[in-house]
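A quick note: this is a predicted structure, and the numbers were derived from the prediction, not measured.
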Amino acid sequence: MSVNIKPLEDRIVVKPLEAEQTTASGLVIPDTAKEKPQEGEVVAVGPGRSNEDGDGRIPMDVAVGDKVIYSKYGGTEVKYSGEEFLILSARDVLAVVS
């Protein structure tokens with residue numbers, strides 16, 4: 001998936017994955033009771049934060065296409081071209097799922 005959003009510094013753009021519609025036992029979860037998703041796919045990555053000397057960048061730990069778990073209330077929700085995205089700081093990413 002290609003997106004025309006270019007994050008700055010150590011920020012990333014994530015496409016949240018859809019929350020489960022049913023429980024393991026088959027019960028349907030209504031929209032009002034669904035939890036906010038905490039997993040998504042990275043669609044854009046910034047160049048990284050400048051290092052202390054200002055002569056280079058600190059490399060990012062995630063790449064485009066990685067599936068990540070992020071903090072529940074981290075980031076900023078953005079709607080772009082009719083799709084929902086989340087712009088997060090790299091520090092809000094808790095883990096990369098393989």
Is there a path of hydrophobic side-chain contacts, each under 4.5 Å between heavy atoms, that joins [X] and [Y]?
| X | Y | result |
| --- | --- | --- |
| Val14 | Val64 | yes |
| Val96 | Tyr70 | yes |
| Val78 | Val13 | yes |
| Tyr80 | Val43 | yes |

### Task
Looking only at non-hydrogen atoms, find the nearest pair between Pro7 and Ile5 and report the distance.
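Smallest heavy-atom distance, with atoms named: CD-O, 3.5 Å.
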### Message
For a quick test of reading the model, state the closest non-hydrogen atom pair linking Met60 to Ala90 and the distance between them.
### Response
CE-CB, 3.9 Å
### Query
Would you say the side chain of Arg57 lies within less than 4.5 Å of the side chain of Ser50, judging by non-hydrogen atoms?
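Yes; the side chains approach each other to less than 4.5 Å.
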### Message
For the NZ atom of Lys72 and the CG atom of Asp92, what is their distance to the nearest 0.5 Å?
### Response
14.5 Å
### Message
I need the Ile87 CD1 to Ile12 CD1 distance, nearest 0.5 Å.
### Response
10.5 Å
### Query
Taking Val68 as the fixed residue, which of Val93, Leu94, Val97 is the one that meets the side chain to side chain contact (heavy atoms under 4.5 Å, CB included) rule?
Val93
### Task
Evaluate the side chain to side chain contact (heavy atoms under 4.5 Å, CB included) criterion for residues Ser71 and Gln38: first the C-alpha distance (whole Å), next the side-chain angles of each, then the deciding distance (0.1 Å), finally the verdict.
CA-CA 7 Å; Ser71 58; Gln38 288 180 257; 5.9 Å; no
### Query
With no hydrogens and no angle check, is any side-chain donor or acceptor of Arg49 less than 3.5 Å from a backbone partner on Asp10?
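Here the side-chain-to-backbone pair does not exist.
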